[in-house]
Amino acid sequence: MDKIITQISKVLSGITFPLLMPTYAILVAFSATFLYFIPGQPVLTVSLVTLGVTMMLPIIVIYFLHHIGIISDPLLNNRRDRTIPFIATILCYIGLGAYLWKINAPAWMTAFMMGGAALLAIILFINLVWKISGHAAGMGGLTALSVYIVYKGYCIVPGLWLPCAMITVSGIVCSARLLLDRHTLGQVAAGYAIAFTVIYISMLLS
């Protein structure tokens, strides 16, 4: 049973890898808000650009740094390995935010990405002295997005189903990280709370 739980936790950690969170955010925006009614091609284009810029580019940087020996673990479980990849990812978030602004995406979508860049900068600073959960931070950001969508009346289905679903998934993911012994409860709670606060405030200010 323990092995099964461990394997499930690893799978959950994989599909909620922090670099996937911007893509998930775009998918939530296009499936749960008025953006749902936009024709398919722009949706596909924005989704692929988001995946490429905020996941593929950082992964290429991470594995290149691992290949030349600058970082020891491509999964960044070692706190000391995170600085350069985080800086690269921050630049990717800023670049994507500029792209969304350029194509006249809703201001809150651009604000989400810029808030993500600010969040990563905060986590990077904290990471200098204390490891914080990137998975929890990613889920905190998605929860903030879902709460904002409902609060502003952008959700095409009324009710609190989206925030409730996101909070439930967040609890499962954070539990998986604890079961894998990747973080302490404090590191998970801090990542989630900081991310929710930074992302939500960023969108409110948009």
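FYI, side chains are in, hydrogens and waters are out, and symmetry mates aren't considered; it's all heavy atoms of this structure.
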K.L.:
With a 4.5 Å limit on heavy-atom distance, are the side chains of M21 and T16 in contact?
P.N.:
yes
K.L.:
Locate the shortest heavy-atom distance separating T110 from L100; write the atom from each residue and the value.
P.N.:
OG1-CB, 3.6 Å
K.L.:
May I ask you to decide if V173's main-chain N or O and H135's side chain share a donor-acceptor pair within less than 3.5 Å?
P.N.:
no
K.L.:
Test of understanding: clusters of I, L, V, M, F, W, Y form through side-chain heavy atoms closer than 4.5 Å, transitively. Do I123 and I201 belong to the same one?
P.N.:
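Result: no, two separate clusters.
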K.L.:
Any chance you could lay out the side-chain contact (heavy atoms from CB on, under 4.5 Å) test for K131 and R82, step after step, and finish with the verdict?
P.N.:
CA-CA 10 Å; K131 184 180 178 182; R82 295 183 171 190; 3.4 Å; yes
K.L.:
Do R177 and S13 pass the side chain to side chain donor-acceptor pair (under 3.5 Å) test, and can you show the C-alpha distance, the side-chain angles, and the key distance before you say yes or no?
P.N.:
CA-CA 7 Å; R177 299 304 289 169; S13 294; 3.1 Å; yes
K.L.:
Can you confirm whether S202 sits close enough to M114 that some side-chain heavy atom of one is under 4.5 Å from a side-chain heavy atom of the other?
P.N.:
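No, their side chains stay 4.5 Å or more apart.
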K.L.:
Measuring only between side-chain heavy atoms, which start at C-beta, is I126 closer than 4.5 Å to I194?
P.N.:
yes
K.L.:
Quick one: CG on L119 to CD1 on I90, what's the gap to the nearest 0.5 Å?
P.N.:
9.0 Å
K.L.:
Would you confirm whether Q187, through its side chain, and T184, through its main-chain N or O, come within 3.5 Å as a donor-acceptor pair?
P.N.:
yes
K.L.:
Quick one: are P22 and M113 in side-chain contact, heavy atoms under 4.5 Å?
P.N.:
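Yes, their side chains come closer than 4.5 Å.
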K.L.:
Might you work through the side-chain contact (heavy atoms from CB on, under 4.5 Å) test for M139 and I167, ending with a clear yes or no?
P.N.:
CA-CA 8 Å; M139 294 310 303; I167 290 170; over 6 Å; no
K.L.:
Side-chain contact, heavy-atom cut-off 4.5 Å: I15 with L20?
P.N.:
no
K.L.:
If you round to the nearest 0.5 Å, how far is CE of M166 from CZ of F196?
P.N.:
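If we round to the nearest 0.5 Å, F196:CZ and M166:CE are 11.5 Å apart.
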K.L.:
Considering all heavy atoms of both residues, which atom of Y148 and which atom of S206 are nearest to each other, and what is their separation?
P.N.:
OH-OG, 3.8 Å
K.L.:
Got a sec: does the CZ of F17 have more than 12 other heavy atoms crowding it under 6.0 Å?
P.N.:
yes
K.L.:
Would you check if Y200 and Y151 make a side-chain contact, meaning some heavy-atom pair closer than 4.5 Å?
P.N.:
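Counting from C-beta outward, Y200 and Y151 do come under 4.5 Å.
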K.L.:
Tell me if the centroids of the rings in Y154 and F34 come within less than 6.0 Å of each other.
P.N.:
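Ring centres of F34 and Y154 closer than 6.0 Å.
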K.L.:
On a heavy-atom basis, which atom in A118 and which in V198 lie closest, and how many Å separate them?
P.N.:
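Looks like CB-CG1, 4.3 Å.
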K.L.:
Taking a hydrophobic cluster as the set of Ile, Leu, Val, Met, Phe, Trp and Tyr residues connected by side-chain heavy atoms closer than 4.5 Å, whether directly or through intermediates, do F64 and V53 fall within one such cluster?
P.N.:
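Same hydrophobic cluster.
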K.L.:
Going only through I, L, V, M, F, W and Y residues with side-chain contacts under 4.5 Å, is there a path from I70 to I62?
P.N.:
yes
K.L.:
Roughly how far, to the nearest 0.5 Å, is the CG atom of N127 from the CD1 atom of I132?
P.N.:
8.5 Å
K.L.:
Less than 4.5 Å apart, side chain to side chain, heavy atoms only: is that true for L142 and V169?
P.N.:
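No; the side chains remain at least 4.5 Å from each other.
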K.L.:
Taking P85 as the fixed residue, which of V61, L19, L65 is the one that meets the side-chain contact (heavy atoms from CB on, under 4.5 Å) rule?
P.N.:
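When side-chain contact (heavy atoms from CB on, under 4.5 Å) is applied between P85 and each of V61, L19, L65, only L65 qualifies.
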K.L.:
Is the closest side-chain heavy-atom distance between W108 and L145 below 4.5 Å?
P.N.:
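Counting from C-beta outward, W108 and L145 do come under 4.5 Å.
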K.L.:
Tell me whether Y24 shares a hydrophobic cluster with W161, the cluster being built from Ile, Leu, Val, Met, Phe, Trp, Tyr side chains joined at under 4.5 Å.
P.N.:
yes
K.L.:
For A136 and S133, which heavy atoms make the closest approach, and how far apart are they?
P.N.:
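Between these two residues, the closest heavy atoms are N-OG, 3.0 Å.
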K.L.:
If every non-hydrogen atom of L178 is compared with every non-hydrogen atom of L185, which pair is closest and at what distance?
P.N.:
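Minimum heavy-atom separation between L178 and L185: CD2-N, 3.6 Å.
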K.L.:
Ignoring hydrogens and geometry beyond distance, is a side-chain donor-acceptor pair present between T143 and S170 at under 3.5 Å?
P.N.:
yes
K.L.:
Within the distance-only criterion (no hydrogens, no angle test), does the side chain of D81 pair as donor or acceptor with the backbone N or O of S72 below 3.5 angstrom?
P.N.:
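Checked: pair present.
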K.L.:
How many angstroms lie between CG in L120 and OG1 in T89, if you round to the nearest 0.5 Å?
P.N.:
6.5 Å
K.L.:
If you group Ile, Leu, Val, Met, Phe, Trp and Tyr by side-chain heavy-atom gaps below 4.5 Å, do L44 and V49 land in one group?
P.N.:
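Unlinked, L44 and V49 end up in two clusters.
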K.L.:
Please report the interatomic distance CD1(I199) to CZ(F112), rounded to the nearest 0.5 Å.
P.N.:
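The CZ atom of F112 is 5.0 Å from CD1 of I199, to the nearest 0.5 Å.
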K.L.:
Could you walk me through whether Y99 and V46 pass the side-chain contact (heavy atoms from CB on, under 4.5 Å) check?
P.N.:
CA-CA 9 Å; Y99 165 76; V46 173; 4.0 Å; yes
K.L.:
Kindly compute the distance separating OG1 (T23) from CE (M56), expressed to the nearest 0.5 Å.
P.N.:
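Going from OG1 on T23 over to CE on M56, the span is 10.5 Å.
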K.L.:
Work out which heavy atom in L162 is nearest to a heavy atom in A32; give both atom names and the distance.
P.N.:
CD2-CB, 4.0 Å
